[in-house]
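Data block below; observations after.
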Amino acid sequence: MRVRKAVLPAAGFGTRFLPATKAIPKEMMPLVDRPIIQYAVEEASASGIDQIIIVIATGRSAIEDHFDSNASLERWLEDRGDIEMLRTIRRISEFGTVAFVHQREQLGLGHAVLMAKDLVGDEPFAVLLSDDVMLNPNGAPVTRQLIDAHRAHRGSVIAVQRVEPEEVSRYGIVEPLHEEGRLVEIRDLVEKPAVGEAPSDLAVLGRYVLTPKIFDVLEQTPSGAGGEIQLTDAIRELTHEQPVFGYQFEGVRHDAGTRIGWLKANVAVGLDSEVADEFRAYIRGLDLRD
Ligand code: UTP
């Protein structure tokens, strides 16, 4: 079955980015000139997804407003003859269907995904954590790569990437059953293992294609670390019922939910933007000695 729908959880508190995230979700922080979440919506759309479901925290409307049309702004741009910006603004509200579901309490990523159950229904779907910014300017979007792997192998497919041995304790880590090229059949997952105790150096990152079975599993998943319903715990359970694969995707990932990751993502996007030449010249001119 074609993967038509994507769930974008965006209801977290974003505590690692306070105070910037006190009044706006971290997904609305800009990378150069677009909010982080728009990159993920564009990635999903370029991957063949035509129904986007964004999970937002109750009472936070900035993301909903961003993807809605803004008639007075459009009229103002039209009156000024700024047709290029008018097109850019209109395109944002024309990404196929964008639906919103509310997560009333921040009970974790697994719980956020579960909020989309009725809108997804009984079909495989993608999950994109937009604060994991995935850039692959010269190749297929990362979500497209996972969808292709899902088509070829069935089962659920999650994005994985090798990390430095001392970094394993920051991620969900894969215990591989079998590796072939970029594909890894997963035997089990370990959430944030201690350095030296990880079953591999393959970390789970924020892109997934999941079968709808995950919803049944999530409904049975008790709260785990931090009192939250963890998506990793549910995927772990899923590995015992259905094949789950890791896909070592092509592309660069920046964790834009942290200060340093957000800065790096801005540099990467800036060097591939309209202001790239000026930005490159500026960076070259910096005195970077200590
Ligand atoms: P994070 O683990 O980054 O948590 O969530 P967070 O709350 O957003 O940020 P920190 O750790 O406090 O800085 C991973 C993804 O899951 C979403 C977040 O919006 C992010 O996209 N999420 C997390 C929810 O939608 N709901 C939750 O209850 C928790």
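For ligands, and for the atoms within them, numbers begin at 1 and follow the listed sequence. Because the structure is predicted, anything quoted here is derived from the model rather than measured. Residue numbers count from 1 along this sequence.
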(message) Give me each pair satisfying ring pair (Phe, Tyr, Trp, His ring centres under 6.0 Å) with a member in residues 125-165, each pair once, sequence neighbours excluded.
(response)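 The answer is Phe125-Phe215, His153-Phe245.
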(message) Looking at Arg75 and Asp79, is there a salt bridge between them, counting it only when a charged N and a carboxylate O are closer than 4.0 Å?
(response)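 Looking at Asp79 and Arg75, the cut-off is not met.
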(message) Going by the rule salt bridge (Lys or Arg N to Asp or Glu O under 4.0 Å), which residues pair with Glu191 if we only count those two or more places apart in sequence or in a different chain?
(response) none
(message) Going by salt bridge (Lys or Arg N to Asp or Glu O under 4.0 Å), name the pairs with one or both residues in residues 211-225, residues two or more places apart or in two chains.
(response)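 Every pair satisfying salt bridge (Lys or Arg N to Asp or Glu O under 4.0 Å) with a residue in residues 211-225: Lys117-Glu219, Lys213-Asp216, Lys213-Glu241.
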(request) Non-hydrogen atoms closer than 4.0 Å to ligand 1: which protein residues do they belong to? List them by chain and number, please. (result)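 The 4.0 Å shell around ligand 1 contains Pro9, Ala10, Ala11, Gly12, Phe13, Gly14, Thr15, Arg16, Lys26, Glu27, Gln103, Gln106, Leu107, Gly108, Leu109, Ala112, Asp131.
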(message) Can a side-chain donor-acceptor contact be found between Glu237 and Thr221 if the only test is distance below 3.5 angstrom?
(response) no
(request) Hey, could you give me the CE/CD distance between Met134 and Gln161, rounded to the nearest 0.5 Å? (result) 7.0 Å
